[in-house]
Amino acid sequence: MIQAFNFIVRFIGLSNEIIDSNFQSITGIKAIIDFEQNASANIHERANAKTIFTPVVLKRAIALPLQSPLLQWILKNISEPGFNILPEVLIEVLNESEEPATVIKLRNVSLVSWSLGELNAEKSELLIEEIALAYTSLNIQ
């Protein structure tokens, strides 16, 4: 059995991945097979099926924003027209020996959204950022 609490993320195409490898949570890894309806027989036609991937959402506390290649990539995508696509994002679920037990590969990754959590002077909480990424294919090893 693979534990779901010990994982790291690697952004292929960005430097200094150690700063950007730790996240609080990852959600939204989902593939949906979309069947087109055959109008004449009202049945699903497998030949016309396509896979739709939902955006993956990563959450983490911001630690070193000026040193984060991921945050620099995000800000570049927000401020400049067009998209700067990462070739691959690897989500490595680690075993007891801190080695990858399984690797989820997201390919052709682009930014969907980025947000910061609440700033509140009455609470003593970490500043959390939420990053949503789109991808064109998924592979699990």
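Computed from a predicted model, the values in this text were never measured in an experiment.
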Would you check if I32 and T54 make a side-chain contact, meaning some heavy-atom pair closer than 4.5 Å? yes

If we only count heavy atoms from C-beta on, is the I78 to L111 side-chain gap below 4.5 Å? yes

Linked, directly or transitively: L86 and I29 (ILVMFWY side chains, under 4.5 Å): yes

Are I8 and F5 linked, directly or through intermediate hydrophobic residues, by side-chain heavy-atom contacts shorter than 4.5 Å (ILVMFWY only)? no

Between OG1 on residue T102 and CZ on residue F7, distance to nearest 0.5 Å: 13.5 Å

Within one Ile-Leu-Val-Met-Phe-Trp-Tyr cluster: V9 and V112, side-chain cutoff 4.5 Å: no

Nearest heavy-atom contact between Y135 and V56 is CE2-N, 3.9 Å

Can you give me the closest heavy-atom contact between L94 and E98, atom names plus distance? CD1-OE1, 3.6 Å

Straight-line distance of L106 CG to L133 CG, nearest 0.5 Å: 8.0 Å

Do you know the tightest heavy-atom contact between P87 and G13? CD-CA, 4.4 Å

A side-chain contact here means heavy atoms from C-beta on lying under 4.5 Å apart; do V57 and E130 qualify? yes

Heavy-atom closest contact (I85 atom, S110 atom, distance): CG1-CB, 4.2 Å

Check whether any side-chain heavy atom of I91 sits under 4.5 Å from a side-chain heavy atom of I26, and report yes or no. yes

Would you mind checking if R60 and D20 are paired as a salt bridge, meaning a charged N to carboxylate O distance below 4.0 Å? yes

Note, D34 side chain near T51 side chain (heavy atom, < 4.5 Å): no

Nearest 0.5 angstrom please: L90 CG to K105 NZ, how far? 6.5 Å

Output the distance between atom CD (E129) and atom CZ (F23), rounded to the nearest 0.5 Å. 6.5 Å

Side-chain donor-acceptor pair under 3.5 Å between E88 and N108, yes or no? no

Side-chain contact test, heavy atoms from C-beta onward, threshold under 4.5 Å: evaluate it for L14 versus L70 and give yes or no. yes

Nearest 0.5 Å, what's the CH2-CG distance between W114 and L71? 5.5 Å

Validation row: R107, N139 side chains within 4.5 angstrom (heavy atoms): yes

Provide the closest heavy-atom pair for N77 versus W73 in the form atom of the first, atom of the second, distance. ND2-O, 2.8 Å

What is the minimum heavy-atom distance between S15 and P69, and which atoms define it? O-CG, 2.8 Å

Rounded to the nearest 0.5 Å, what's the gap from OG on S79 to CD1 on I74? Could you check? 12.0 Å

